[in-house]
Number of protein chains: 2
Amino acid sequence: MQDRQAAERPLTRIQRKNRETILDAALDAFSSYGFRGTTVDQIAELAGLSKPNLLYYFPSKEAIHAELLTLLLDAWLDPLRALDPEGEPVAEILGYVRRKLELSRDYPRESRLFANEILQGAPRIMAALEGELKALVDEKAAVLANWAAAGRIADMPPHHLIFSIWALTQHYADFDVQVRAVLGPGHDPYAEAQGFLETLFAKLLAP
Amino acid sequence: MQDRQAAERPLTRIQRKNRETILDAALDAFSSYGFRGTTVDQIAELAGLSKPNLLYYFPSKEAIHAELLTLLLDAWLDPLRALDPEGEPVAEILGYVRRKLELSRDYPRESRLFANEILQGAPRIMAALEGELKALVDEKAAVLANWAAAGRIADMPPHHLIFSIWALTQHYADFDVQVRAVLGPGHDPYAEAQGFLETLFAKLLAP
DNA sequence: ATGACGTTTGACCTTCCGGTCAAATACACG
DNA sequence: CGTGTATTTGACCGGAAGGTCAAACGTCAT
């Protein structure tokens with residue numbers, strides 16, 4: 001029945017800095033090589049720490065990964081939460097597309113970490129998918145369905161509309177190397193995608 | 001200067017069967033756990049062979065993976081190859097969408113294997129992306145651009161049109177568990193997607 | 001400056017994993 | 001049958017990887 005060292009005590013300056021450094025290094029590694037493909041030594045090296053030192057701040061590789069996924073999930077849902085049922089339908093949806101694309105552009109590592117996890121069957125976040133995520137999507141899907149029923153956007157299965165937004169925006173982060181390989185040099189994928197997706201969804205949503 | 005055993009000799013019945021079994025087992029494993037996340041013992045177990053026995057048929061884990069990727073790439077490009085410059089534009093593109101979605105439905109493991117590889121930066125197939133794939137896409141993009149110039153489909157960046165088809169169709173295979181978690185039971189994602197994507201692209205392409 | 005607590009480290013342990021090898025067993029074919 | 005070749009296997013190897021530990025080193029408040 002011993003007290004857990006860091007349970008109550010506030011984090012020290014060094015703790016805050018090192019935990020942050022470690023999480024950033026781990027995000028680099030996990031998003032590039034996956035969970036199994038990443039070694040603790042690798043993360044430690046990236047973070048500029050020794051392996052035992054790193055394990056002083058996190059109990060295990062698993063724990064670092066879990067922490068990253070938790071932080072990620074919340075940030076991931078934000079743009080959808082911001083979709084306002086009282087707003088103008090097309091503008092709201094296009095705004096969501098834009099925010100989601102910006103997320104892909106500015107946080108591609110997070111996008112790939114998430115994609116990796118889902119690809120492997122989401123073993124560590126299945127509960128969140130079936131709980132939080134489903135609840136939020138169902139809520140917003142209802143909003144979309146109402147808009148469609150009111151003739152303010154075209155009629156379509158709202159869940160799939162949301163999937164299409166995810167698919168199209170995350171593609172630019174997750175498949176970045178393919179996109180760039182196919183486009184060749186001299187392109188700004190995100191800038192081009194921005195205009196293209198805006199047009200696409202404008203046409204799709206028009207009643 | 002010794003002869004390579006299997007260089008010339010035709011494969012025996014047992015060789016054919018076992019190589020096939022191994023590749024199938026390896027596809028299961030690699031597509032679920034990634035390259036590093038998969039162990040040779042795991043593949044052997046799935047294939048019902050002992051590890052040394054498996055390594056009698058393939059020189060290394062790497063070789064199995066490479067073989068799978070090679071087989072995959074070809075099958076992956078086929079639907080796009082089939083896009084006919086002489087056909088009716090909208091029908092051709094919708095046909096491509098349908099074929100690609102069927103590929104996701106019928107070969108989700110292959111889709112995830114590919115996604116895994118791209119996510120990790122495509123270390124083993126970068127050459128193919130910049131070579132074969134880019135060439136084919138450029139060729140078909142030119143066809144799309146011609147159709148747009150002739151006013152037979154709406155004007156849009158052809159490469160991104162192709163990306164959008166990839167993104168939307170592969171999403172249903174790669175993010176399958178998320179799609180099902182969000183939809184809940186009692187849905188047939190692919191059937192629903194089929195109708196939705198047909199509408200989406202019909203609207204997008206209309207001049 | 002000193003004691004207490006926070007931080008860092010080198011050495012080490014164990015398990016896992018890709019791959020090898022020699023010997024044993026099945027198979028095909030004259 | 002019998003013999004040469006294909007196939008299978010148990011035992012083993014070396015290195016990588018996750019994690020532990022005791023001791024050394026810093027930091028900071030009194």
Per-pair distances, 0.1 Å, donor-acceptor, side chain in residues 83-93 of chain B, under 3.5 Å, sequence neighbours excluded:
unit_1, atom_1, unit_2, atom_2, d
B/D84, OD1, B/E86, N, 2.8
B/E88, OE1, B/V90, N, 3.4
B/E88, OE1, B/A91, N, 3.0
B/E92, OE1, B/D84, N, 2.9

message: Using a 6.0 Å distance limit plus a 45 degree cone around the ring axis, check whether B/R19 lies over the aromatic ring of B/F58.
response: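 Yes, a cation-pi geometry.
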message: Using heavy-atom distances to pick each residue's nearest nucleotide on DNA chain C, tell me which of A/Y57 and B/E62 is more 5'.
response: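 Here A/Y57 is the residue nearer the 5' end.
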task: Take atom CG of B/L55 and atom C1' of D/dC12, then tell me their distance rounded to the nearest Å.
output: 14 Å
- request: Can you tell me the distance, in whole Å, between the OH atom of A/Y56 and the P atom of C/dT9?
  value: 13 Å
Proximity to the side chain of [X] - top-ranked nucleotide from [options]:
| X | options | value |
| --- | --- | --- |
| B/T12 | C/dC17, C/dG6, D/dA6 | D/dA6 |
| A/P52 | C/dG10, C/dG18, C/dT8 | C/dG10 |
| A/K51 | C/dG19, D/dG19, C/dC17 | D/dG19 |
| B/S60 | C/dG19, D/dT9, D/dG18 | C/dG19 |

Please tabulate the protein-to-nucleotide N/O contacts below 3.5 Å involving nucleotides 28-30 of chain D, giving atom names and distances.
unit_1, atom_1, unit_2, atom_2, d
D/dC28, OP1, A/R13, NH2, 3.0

query: Between A/H159 and B/F196, does the ring centre distance come in under 6.0 Å?
result: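 Here the rings of B/F196 and A/H159 have centres that are no less than 6.0 Å from each other.
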message: Can you give me the closest heavy-atom contact between A/K203 and B/A154, atom names plus distance?
response: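 Shortest heavy-atom separation between A/K203 and B/A154 comes out as NZ-CB, 3.1 Å.
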- prompt: Checking only heavy atoms, does the side chain of B/K61 share a donor-acceptor pair with the base of C/dG19 at less than 3.5 Å?
  reply: no
query: Between B/E20 and B/R16, is a salt bridge (Lys or Arg N to Asp or Glu O under 4.0 Å) present by the stated rule, with each step listed?
result: CA-CA 6 Å; B/E20 203 175 320; B/R16 256 194 303 276; over 6 Å; no
- prompt: Would you call A/R109 and A/D24 a salt bridge, taking side-chain N to carboxylate O under 4.0 Å as the test?
  reply: yes
